[in-house]
Amino acid sequence: MGVVEKFIQNPNLEREEYVALLQASEEPQAAARLAAEALRLRRKYYGDAVYVRGLIEFTNYCKNDCLYCGIRRSNREAQRYRLSEGEILSCCEAGRRLGFRTFVLQGGEDPWYTDERLEVLIRSIKENCPGCAVTLSVGERSYESYQRLREAGADRYLLRHETASDAHYRRLHPAEMSLAHRKQCLYQLKALGYQVGAGFMVGSPGQTYAELAEDLVFLGELKPQMAGIGPFVPHHNTPFKDEPAGSVELTLRLLSIVRILLPRVLLPATTALGTMDPLGREKGFSAGANVLMPNLSPAGRRRQYDLYDNKLCTGDEAAESLAELKKRVEAAGWRLSMERGDAAEELGG
Ligand code: 5AD
């Protein structure tokens, strides 16, 4: 039996077998087989629903210096901004009126946003939008901080691990950052009862199948409720400006593989995928993705949350064009769902 069938029957492979799986999936027939199985599972657990989360990029100040990222602290040309609590609440209010029931507060690692300030913010959102889910995506913090934010009402936390290979992590990040700490944060978040999202970039400079195999092994261990997987896209003011972008096709294969590995996972068709290919998100759904994260940030700020070049920020991904988005999702054969969309639970046994 080939590695593709073996994986479909018993998805937790060893590192070397994942390398073989990735190689085998270069064959279009094998990729199609993985996509078909991914679709079967996604339909089984989520039907035809595509869940939407309103993304609010509330600060692009960042104390980190990740080599790939346009808002790294060394990028002196980035125009920095920080939304006030009032502005963030208006974004949520606008989103709530559009029907959004889950908000993702994403930002750089901005020390101005202390635990106190985030607690006030989370409590106000929960008060203004009862029943809504609040997702944080504000990077590495202490256990105590994660605990306080959880107690203030945060439900979910997105922290991509970026790569689960130690050597590759060091190529992408400055010496003061470590994969071990990032993994520790993810396990702490899980222990505190957050629904956790991990994830990685595809095609970051120097990444091979061996690194991607580490990502798959790690996701199998962590079992996050969500996995954000998108292609690397170069940014002109970073050390990786001349590096090639990651491949859409490989990203799609990985979406299918992760859907099979973690059948109930929430898998966004990412903005980076939509940036690299005008039909990227539709292709993502066909590969097993089931989440979209339209932008609820104030229109004037979107261009400034400049993680990579040509990042989509005025088209269908904008939350105001929800009607357009709905049409596109339906044209692709899916149904836009405004429900909270928690990860499907494992039922007994
Ligand atoms: N290309 C693609 N994705 C990027 N991110 C940051 N910089 C880039 C880039 N150049 C992703 C990281 C981060 C998320 C918010 O954006 O994976 O976790």
Side-chain angles (χ1 to χ4, degrees), residues 53 55-75 77-78 104-110 135-141 156-165 168-169 171-174 177 179 181-183 185-186 189 196-207 211-212 215 218-219 224 226-248 250-251 254-255 258 267-277 280-281 284 291-295 297 302 304-313 317:
R53 281 86 168 80
L55 181 64
I56 301 166
E57 297 159 334
F58 71 98
T59 172
N60 72 350
Y61 283 87
C62 192
K63 66 176 189 216
N64 284 334
D65 214 20
C66 308
L67 276 76
Y68 45 85
C69 185
I71 64 168
R72 66 200 301 265
R73 67 161 186 261
S74 301
N75 182 8
E77 282 170 45
V104 181
L105 300 181
Q106 184 169 91
E109 291 195 15
D110 177 358
T135 303
L136 296 178
S137 180
V138 290
E140 297 178 30
R141 302 176 77 95
R156 306 173 178 159
Y157 204 103
L158 307 183
L159 182 71
R160 289 191 181 177
H161 62 278
E162 312 296 357
T163 171
S165 147
H168 194 51
Y169 194 92
R171 280 199 286 270
L172 303 185
H173 299 97
M177 291 179 74
L179 176 61
H181 189 255
R182 205 152 180 98
K183 285 184 171 176
C185 288
L186 282 162
L189 289 162
V196 167
F200 57 92
M201 282 180 293
V202 177
S204 54
Q207 185 188 53
E211 276 83 34
L212 290 168
D215 289 317
F218 176 62
L219 288 182
M226 186 185 242
I229 300 169
F232 159 75
V233 187
H235 183 287
H236 63 280
N237 269 331
T238 64
F240 290 160
K241 62 178 189 294
D242 296 322
E243 299 290 339
S247 133
V248 167
L250 177 56
T251 304
L254 283 155
L255 287 172
V258 171
L267 269 187
T270 56
T271 305
L273 190 59
T275 298
M276 289 300 296
D277 181 335
R281 279 168 303 184
V291 174
L292 274 178
M293 296 171 56
N295 204 315
S297 314
R302 286 182 199 165
Q304 285 167 261
Y305 202 81
D306 182 26
L307 299 177
Y308 45 81
D309 290 345
N310 306 312
K311 179 167 166 275
L312 293 182
C313 67
E317 82 305 328

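For ligands, and for the atoms within them, numbers begin at 1 and follow the listed sequence. Since the structure is predicted, the reported quantities are computational estimates derived from the model, not experimental observations.
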If I take atom [atom1] from residue [X] and atom [atom2] from residue [Y], how far apart are they, to the nearest 0.5 angstrom?
{"X": "Gln304", "Y": "Ile71", "atom1": "CD", "atom2": "CD1", "value": "11.5 Å"}
{"X": "Cys69", "Y": "Glu162", "atom1": "SG", "atom2": "CD", "value": "8.5 Å"}
{"X": "Arg160", "Y": "Asp215", "atom1": "CZ", "atom2": "CG", "value": "11.0 Å"}

For [atom], what is the closest protein heavy atom, and at what distance to 0.1 Å?
{"atom": "atom 16 (O) of ligand 1", "answer": "Leu307 CD1, 3.5 Å"}
{"atom": "atom 9 (C) of ligand 1", "answer": "Val233 O, 3.4 Å"}
{"atom": "atom 11 (C) of ligand 1", "answer": "Arg160 NH1, 3.7 Å"}
{"atom": "atom 7 (N) of ligand 1", "answer": "Tyr68 CD1, 3.3 Å"}
{"atom": "atom 3 (N) of ligand 1", "answer": "Met201 SD, 3.5 Å"}

* To do: Anything under 30° is parallel, anything over 60° is perpendicular, the rest tilted; go ahead and classify Phe240 against Phe232.
  =>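 Because their plane-to-plane angle is over 60°, the rings of Phe240 and Phe232 count as perpendicular.
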
* Could you see which bit of Pro231 sits under 4.0 Å from ligand 1, with heavy atoms only: side chain, backbone, both or neither? => backbone

* What do we get for Glu162 next to ligand 1 when only non-hydrogen atoms under 4.0 Å count, side chain, backbone, both or neither? ->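 For Glu162, only side-chain atoms sit under 4.0 Å from ligand 1.
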
* **Qualifying residue, where the test is side chain to side chain donor-acceptor pair (under 3.5 Å) with Ser204 and the options are His168, Arg171, Glu243** => His168

* Please determine if Glu57 and Arg302 form a salt bridge, counting it only when a charged side-chain N lies under 4.0 Å from a carboxylate O. => no

